[in-house]
Amino acid sequence: MTQRIAVLGATGTVGRRVAESLRRRGLEVVPISRADGVDVLDRGALAAALVGVDAVVDCLDRKTLAADTAGDFFARAAATVLGALDDADAAGARVVCLSIVNADSPSVNRWMPYYRAKVRQEQSWRVHGRGVCVVRTTQWFEFAEQMMQMLACRGTAVVPGARARPTAAADVAEVLADLALAADPPRLFEVCGPEVLDIAELARRVVARRRRDGPAGVRRVVRLPLGRTPLGDGSLLPLDPDIITDTTAEEWLASDPAAVALAREALRLDAPAVP
């Protein structure tokens, strides 16, 4: 019998990739997002959608720098989904929750309010006493683009020089899909990429790859030194990751759709005219 997997935040950076991965494997995917007509805070709509699900993958995000705002959202969402699973007679469904490496480290999350919100998300699932697999990942390569979009001003973005071990969102999605299908997934699983990189330098490489026209029109990246702060001293790095993904920064950059489109356009313009 084909398994039925619900993906919360199914239109997000990782959520849509999780849904795609599961569909490629021949599984039935239940996308949960407002774009799909199901609000994660609407218990009635959720209960109708979650009938017969075998697992739930929480890829929810909240675009805010306020820890309380994001934390309240994550807590309400988890409580609503758990109630809806009960209503749908699917209380035994496995839960896989996407989080961040070292989110629970006080030395780190005092600098990163969003990390504190992710800890509340983890706790909101665990407090109900059900088996939950929390998957903590390092920053994604896509994070460099998101930082530029958030911090862009007149073609310049000031990007923190954080030391991280980023991974591709597509690789993270494959791990989440694997764990969603596991009969007995671990309580905690950590994922990171193959290289230690400076996020500001990665952002510069994104702009260079796109011929100096990065996300949000950014043409110049200014690196914000973080010195001996936890964001700059390696505190974002995992100590003992469960899996190291394969995709390198250079491989990810080479597959960047915007850069590929520019390269194709350059080839077209350079090609000799056909008489």
Do we see a donor-acceptor contact under 3.5 Å between the side chains of Arg94 and Gln3? yes
Are the side chain of Asp198 and the backbone N or O of Glu201 linked by a donor-acceptor pair below 3.5 Å? yes
Residue of the set Arg120, Gln123, Glu122, Arg62 for which side chain to side chain contact (heavy atoms under 4.5 Å, CB included) holds with Phe74: Arg62
Evaluation steps, salt bridge (charged side-chain N to carboxylate O under 4.0 Å, His left out), between Arg17 and Glu20: CA-CA 5 Å; Arg17 290 175 168 86; Glu20 291 166 0; 5.9 Å; no
How about CZ on Arg76, more than 12 heavy atoms from neighbouring residues, nucleotides or ligands closer than 6.0 Å, or not? no
Should Val14 and Leu27 be regarded as members of a common hydrophobic cluster, given that ILVMFWY residues are connected when their side-chain heavy atoms come within less than 4.5 Å of each other, either directly or indirectly? yes
Hey, is CZ on Arg187 packed in by over 12 heavy atoms from elsewhere, all under 6.0 Å? no
Shared ILVMFWY cluster between Val51 and Leu46, side chains joined below 4.5 angstrom? no
List the atom of Asp87, the atom of Arg43, and the distance in Å for their closest heavy-atom pair. OD2-NE, 2.7 Å
Would you call Asp178 and Arg25 a salt bridge, taking side-chain N to carboxylate O under 4.0 Å as the test? yes
Heavy-atom count check: over 12 atoms from other residues, nucleotides or ligands less than 6.0 Å from Arg23 CZ? yes
With clusters defined by side-chain heavy atoms of hydrophobic residues (ILVMFWY) lying less than 4.5 Å apart, directly or transitively, does Leu41 cluster with Ile32? yes
Side chain to side chain donor-acceptor pair (under 3.5 Å) with Tyr114: of Asp61, Asn109, Thr64, only one passes, and it is Asp61
